[in-house]
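The structure appears below as C-alpha cells.
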Amino acid sequence: MDVKEHAQKTISGLKWSGLSQFSLQMLNLVLNIILARLLGPYEFGVLAMIAVFVGFLQLFKDFGFGAILISSKDVDDLDFSTVFWTNLGLGVFLTSMLYFSSSWISDFYNEPILESLIDVVSLMFIIQAFNFVQVIKLTKKLEYKKLAIVNVLSILISGSIGILCAFNGLGVWSLIIKDISQALVYLILIWKFASWRPSFQFSFIRFKYFLNSGLALIGTKSLNYFARSLDNILIGKFIGAPELGVYNRAYSFMTFPIYKITGVLSSVLFPSFSIIQGNINRIIDMFLKSVQITSFVIFMLMGLLYINATEFVMLVLGVQWKSLIPLLKILALPSALQSITLLTENIFRAQNKYQLEFKLNIVVSVILVIAIIIGLEWGIIGVAYSYLCAVILTTVIILIVTAKIVKINVFKILKNIYPSLLGFLILVIIKSIFMYYNSAYEINIWFKFISQIILGACIYTSVVFIVNRNILYNTKSIVRKFKN
C-alpha cells in the first residue's frame, strides 16, 4: 500500500470509526441516563460487582491474538481459522469458569441475587467467541463502515429492550438482558456483514506462535485491569452496593467520552501504525497530532463537566444521584489524562514492544493499587482523591517511556498537551471563584447549566487558541477531511 492510499484508508477509517463512536456515544449516553432515572444506585452497584469479574475474564477471551493478527503483515486463512477455533474453545472455558464461580462471587459480596445473574451473564463469552475473527478481519482491512452499522444497530436494539424491561419493573435484570441481547444482535449482524467463514483447519505450530507472542500482552492487560478495578472490588466488598453504584456511575460518565473518542483514534491508528511501523517519522507525526487533537477535545469535555457537575446530576439523573457530584469533579482530571496514556498503547504494540509494555504496567499497577488501598480509609471520596494522585504520577512515567521508544524528548509530547491542560485548569479556577462569591444567589438551574456550557467552551477555546492556535487548525483540518 503506497503512502497516498494508506493516508486515504486511514482518513476513511477515522471518518467511519468517528461516526460510529459518536453515534454510539450519544446512544449510550441517552440510554444510561434513561436507565439511571428508571433504576437507582443499588442496581448499578450490583452490575458493577459482576462487571469486575466479567471484565477480567474478557481479557483472556482472545489471549492477545487479535492484536497480533492486526500487527502481523503475513497472515493467511489458516491463521484466522486457528484463532477462531482457539477463541471458541476459550469462550466455552470462560463461560464454564464464570458459571461455576457464581456462588463464590455471591458469597464474597454477600449479595444472593448475584448468583442467578452471573449464571446468565456467563453465556456472553460463548456468544462473543463466534464474532471475534470477523471483527479482526474487518478491522485489519480498515472497513469501519460495516463495523459502524453493526455497532449502532446492536446498541439501539438492545438499549430499547433494556429500557422496556426497566420500565416494566425488572430492576437489575434489565441491565443484564440489555447486555445479552446486545451480544446476540451484534453476532447476527457481524456474520451478515463479514464475508469470512472459518474452515475446519487448525495449526498447533501457529497456535504456539500466537500464544507465545500474546502472553506478554495478556499480562499487561491483566495488570492494568486489576489496578483499575481494585477500587470497585474493595468498595463493593467493604462499603456496599449503593456506594459502589454511585462511584461506578461517576467513573463511567467521566471515562465514557474518553474511551469512545480515544477508541476512534486507537482502532484506526494501531493497524495504521502497524502498516508503516518502519517509518518512525510518520508514526511520530501521526501520534503527536492524535495527542494534540485528543487532549483538546477531552480536556474541554472534562472541564465543562466539572463546572456543570451539580447541574448535570440534578437535571439529567435526578436527586437520587446527588452524591455523584463531588466524584465527577475529582475524577475529571485523571479521566482526561487517561485519554493520552491510552493513545500510547498504539506505539508499544505497533512497534512490538509487548515485553516493555508489560514491565511498565507492573510499575503503574503497583502505584495504583497502593493509592487505592490508602484512599479506602476515607470512603469513596478518599479512593477518588488517591486515584487522582496516582494517575498524575503514572501519566508522567508512561509519557517518558513512550518518548524513549520513538526517540523524542518527552517535552515534545507535553507541548501538545499543555494548552488543553491549561484551559482545563482555568475553567476549574473560574468555577471555584464563582462558587465562592455567588453561593448566596439563586439562579435558574437550566439558565445556569446552558450559560456555563457556552461561557466555559468560549473561555477554554480562547485559552487554547492564545497558547497554540495550531491545535484548532489541525482539528479543523481533520473535520474537513471527514466531510470530504
Side-chain angles (χ1 to χ4, degrees), residues 52 55-56 58-60 63-64 67-68 71 212-235 251 254-255 258-259 262-263 266 269-270 273 283-284 287-288 290-291 294-295 298 330-331 333-377 382-418 421:
V52 169
F56 178 72
Q58 289 273 18
L59 300 176
F60 300 90
F63 250 88
I68 298 165
S71 61
N212 290 336
S213 301
L215 284 175
L217 182 58
I218 286 296
T220 295
K221 287 185 175 181
S222 301
L223 280 171
N224 193 36
Y225 182 83
F226 174 73
R228 297 185 189 281
S229 301
L230 184 65
D231 48 359
N232 283 340
I233 295 174
L234 295 177
I235 291 171
Y251 189 82
M254 299 307 295
T255 58
I258 290 161
Y259 282 99
T262 307
S266 294
L269 288 177
F270 176 43
F273 283 174
I283 289 177
I284 292 171
F287 172 68
L288 292 178
S290 65
V291 166
T294 300
S295 61
I298 295 297
I330 298 169
L331 294 175
L333 180 57
S335 299
L337 292 174
Q338 280 183 327
S339 67
I340 308 303
T341 56
L342 283 171
L343 286 175
T344 64
E345 295 177 355
N346 300 293
I347 296 293
F348 286 90
R349 295 170 189 176
Q351 295 296 305
N352 294 315
K353 299 289 185 180
Y354 296 111
Q355 294 290 342
L356 178 59
E357 186 182 11
F358 177 66
K359 293 175 182 178
L360 176 61
N361 272 273
I362 292 177
V363 176
V364 171
S365 298
V366 169
I367 294 172
L368 289 173
V369 168
I370 292 173
I372 290 167
I373 293 174
I374 293 172
L376 195 66
E377 179 71 20
V383 172
Y385 273 118
S386 296
Y387 188 79
L388 164 63
C389 296
V391 168
I392 292 174
L393 176 59
T394 56
T395 298
V396 174
I397 295 172
I398 292 171
L399 291 181
I400 290 174
V401 176
T402 303
K404 287 185 178 180
I405 292 177
V406 293
K407 298 178 182 179
I408 61 173
N409 193 306
V410 68
F411 289 103
K412 197 167 185 178
I413 301 176
L414 294 174
K415 184 180 178 181
N416 288 276
I417 303 171
Y418 164 70
L421 176 60

- Query: Can you tell me how far OG1 of Thr294 sits from CD1 of Ile417, rounded to the nearest 0.5 angstrom?
  - Reply: 10.0 Å
- Task: Sequence neighbours left out, what passes side chain to side chain contact (heavy atoms under 4.5 Å, CB included) with Lys412? Give chain and number order.
- Result: Leu288, Ile408
- Message: If I take atom OG1 from residue Thr402 and atom CD1 from residue Ile413, how far apart are they, to the nearest 0.5 angstrom?
- Response: 6.0 Å
Return all side-chain donor-acceptor pairs below 3.5 angstrom for residues 389-400, not counting sequence neighbours, or 'none' if the list is empty.
{"residue": "Thr394", "atom": "OG1", "partner": "Ala390", "partner atom": "O", "Å": "3.0"}
{"residue": "Thr394", "atom": "OG1", "partner": "Val391", "partner atom": "O", "Å": "3.2"}
{"residue": "Thr395", "atom": "OG1", "partner": "Val391", "partner atom": "O", "Å": "2.6"}

- Query: Any idea which heavy atoms bring Ser365 and Asn361 closest together, and the distance?
  - Reply: OG-O, 2.7 Å
- Note on the structure: Sorted by chain and residue number, the side chain to side chain contact (heavy atoms under 4.5 Å, CB included) partners of Leu234 (sequence neighbours excluded) come out as Leu230, Phe238, Ile372, Ile373, Leu376
- Is any side-chain heavy atom of Asn416 less than 4.5 Å from a side-chain heavy atom of Ser295? no
- Message: Checking Ile370 now: which residues fulfil side chain to side chain contact (heavy atoms under 4.5 Å, CB included) with it, not counting sequence neighbours?
- Response: Val366, Ile374
- Query: What's the spacing between Lys415 NZ and Asn409 CG if we round to 0.5 Å?
  - Reply: 11.0 Å
- Sidechain-backbone polar pair: Thr344 side chain, Thr341 backbone, donor-acceptor under 3.5 Å: yes
